[in-house]
Amino acid sequence: MIVVLKNGAPEAKVNELKAGLKARGLDLHESKGADVTILGLIGDTSRITPEELLANEIVESAQRVKAPYKQASRSFHPADTVISVPSKSDTALGADIGDGKTCAIMAGPCSVETEGQIVEVAKAVKASGARFLRGGAFKPRTSPYAFQGLGAEGLELLKIARKETGLPIVTELMAITQIPLFEDVDIIQIGARNMQNFDLLKEVGKVKKPILLKRGLSATVKEFLMSAEYIMASGNEQVILCERGIRTFDNYTRNCLDISIVPYLKKETHLPVIIDPSHACGIRWMVPTLAKAAVAVGADGLIIEVHNNPEKALCDGEQSLTPAQFDDLMKVLVQYAAVEGRRV
């Protein structure tokens, strides 16, 4: 249920109302804007009617929320959520994700392989304008015989690359037991295969840092947002939604990019929405086209795979851009973003 308070409501009266609602076993989500304050009531509201709340002199309106995802809903939180991730040096840009002014670019290899590889790629993508370094240390793979990543060693190599470039790092967490290893990671990624690992979502909800949540291979939008709700319900409101393509009846590409999800999510939720064009198609030459489409449709960012030698990559080389190709793409994306008054 959503309760909109009257502008200028006395603080003492507001606190009295909040205390009364909490006494009835409800949790509150408070959203303060320049002209309005909204209280989101979380819990069993079946015994509270809108009419009962409207009887309070400081209440402007009250209504039930039909969507099962409460905290992720724009009804609960009308203003866009902006996630700020500062750079780690004076020479790196850092970025605000979801501010409507920036299309934040995350770039790097599918998996961390060696110190030389990750540092070289990090320097290259930074020079081209990327604001974040992505790279996998722990890799979920379809085959048990495929390269699974360097694990904890890969995390340390990412930190070395961050120290060299100042770029904040984005990397995937696969299990609850790995959480202590991620204390010094800037953005934790929850991959498509773990989107409905509810125990894991609850635990990362207790971590006070941004969570990049990828849509599952066959997940509906409702299921996607309910997974975000699990994280937020556990206390972490810093969620970034990532569309990375879903499975359909066709297989001419690795997945099918649901580009229409961007405007829908921007209307339905206040959370930032980014696109992963690399996993969406799985084909190198298609990545730039999908990236341009993502910027044009209003995505808050992109996460793109870049490798210094894709032909010898241990993971997903066929969908990775070379540094030169990434640089060419960034020059085009700058122009696309400028049309909407944004920057990359």
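Computation of the quantities below employed the complete heavy-atom set of this structure, encompassing side-chain atoms and omitting hydrogens, waters and symmetry-equivalent molecules.
Between F182 and the choices I187, V204, V207, L173, the side-chain contact (heavy atoms from CB on, under 4.5 Å) rule is met once, by L173. Exactly one of H77, Q71, E237 qualifies for a side chain to side chain donor-acceptor pair (under 3.5 Å) with H29. That residue is E237. Across S320, P323, S278, S128, a single residue satisfies side-chain contact (heavy atoms from CB on, under 4.5 Å) together with V306, and that is P323. Applying the side-chain contact (heavy atoms from CB on, under 4.5 Å) test between P272 and each of D99, D80, I83 identifies I83 as the sole match.
For the atom pair Y69 OH and L271 CG, the distance stands at 11.0 Å (nearest 0.5 Å). For the atom pair CD1 (I118) and CD1 (I160), the distance works out to 10.5 Å, reported to the nearest 0.5 Å. In this structure, CG in L321 is found 13.0 Å from CG in N308, a value given to the nearest 0.5 Å. To the nearest 0.5 Å, the span separating CG on L329 from CD1 on I304 amounts to 5.0 Å. To the nearest 0.5 Å, atoms CD1 (I2) and OG (S31) are separated by 10.0 Å. To the nearest 0.5 Å, the span separating CZ on F138 from CD on E172 amounts to 10.5 Å.
Between P210 and D186, the closest heavy-atom pair is CD-O, 3.5 Å. In plain terms, the two heavy atoms of T102 and R342 that are nearest each other are O-NH1, 3.9 Å. For the pair G298 and V262, the tightest heavy-atom approach, listed with the atom from each and the gap, is C-CG1, 3.9 Å. The shortest non-hydrogen separation linking V121 to P109 is CG1-CD, 3.8 Å. Heavy atoms only, all atoms of each residue included: L39 and K18 are closest at CD1-CG, 4.0 Å. Residues A228 and L241 share a closest heavy-atom pair of CB-CD2, 3.9 Å.
Salt-bridge check for R254 with D316: passed, with a basic side-chain N closer than 4.0 Å to an acidic carboxylate O. Checked for salt-bridge contact, K209 and E183 miss the test: no charged N lies under 4.0 Å from a carboxylate O. Using a 4.0 Å cut-off between a side-chain N of Lys or Arg and a carboxylate O of Asp or Glu, D184 and R162 qualify as a salt bridge. Of the charged side-chain nitrogens involved, none lies within less than 4.0 Å of a carboxylate oxygen, so that K6 and E60 do not count as a salt-bridged pair. Note on K70 versus E229: no salt bridge recorded, every NZ/NE/NH1/NH2 to OD/OE distance being 4.0 Å or above. Using a cut-off of 4.0 Å between Lys/Arg side-chain N and Asp/Glu carboxylate O, K312 and E318 are scored as not salt-bridged. Taking 4.0 Å as the cut-off between side-chain N and carboxylate O, D300 and K266 count as a salt-bridged pair. Classification of K13 and E57 as a salt-bridged pair holds, one side-chain N sitting under 4.0 Å from a carboxylate O.
Under a hydrophobic clustering in which Ile, Leu, Val, Met, Phe, Trp and Tyr are joined whenever their side-chain heavy atoms come within less than 4.5 Å, directly or via other members, M1 and I58 fall into the same cluster. L17 and I38 are not part of a single hydrophobic cluster, where members link through side-chain heavy atoms under 4.5 Å apart. At a threshold of 4.5 Å between side-chain heavy atoms, the hydrophobic network of Ile, Leu, Val, Met, Phe, Trp and Tyr places Y230 and I179 in one connected group. I246 and L257 fall into different hydrophobic clusters, defined by Ile, Leu, Val, Met, Phe, Trp and Tyr side-chain heavy atoms under 4.5 Å apart, directly or through other members. I188 and V273 fall within the same hydrophobic cluster, where Ile, Leu, Val, Met, Phe, Trp and Tyr residues are linked whenever their side-chain heavy atoms come under 4.5 Å apart, directly or through other members.
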Quiz item: Between Q238 and I211, is a side chain to side chain contact (heavy atoms under 4.5 Å, CB included) present by the stated rule, with each step listed?
Solution: CA-CA 6 Å; Q238 299 184 83; I211 307 297; over 6 Å; no
Self-check item: Residues H279, K214; criterion side chain to side chain contact (heavy atoms under 4.5 Å, CB included); working and verdict
Solution: CA-CA 11 Å; H279 281 89; K214 286 197 166 187; 3.8 Å; yes
Quiz item: Stepwise, does the side chain to side chain contact (heavy atoms under 4.5 Å, CB included) test hold for L213 with M195?
Solution: CA-CA 7 Å; L213 178 66; M195 190 207 80; 4.1 Å; yes
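No side-chain heavy atom of C242 sits less than 4.5 Å from a side-chain heavy atom of R215. In this structure the side chain of I190 reaches within 4.5 angstrom of the side chain of L201, judged on heavy atoms. In this structure, L150 and E113 have side chains that are not in contact, with every pair of non-hydrogen atoms separated by 4.5 Å or more. C281 is listed as a side-chain neighbour of V287, based on a closest heavy-atom distance under 4.5 Å.
Heavy atoms from other residues, nucleotides or ligands lying under 6.0 Å from NZ of K32 number 12 at most. A 6.0 Å sphere centred on CD of E311 holds more than 12 heavy atoms belonging to other residues, nucleotides or ligands. Within 6.0 Å of CD on Q325 lie more than 12 heavy atoms contributed by other residues, nucleotides or ligands. Within a 6.0 Å sphere centred on CZ of R64, other residues, nucleotides and ligands contribute more than 12 heavy atoms.
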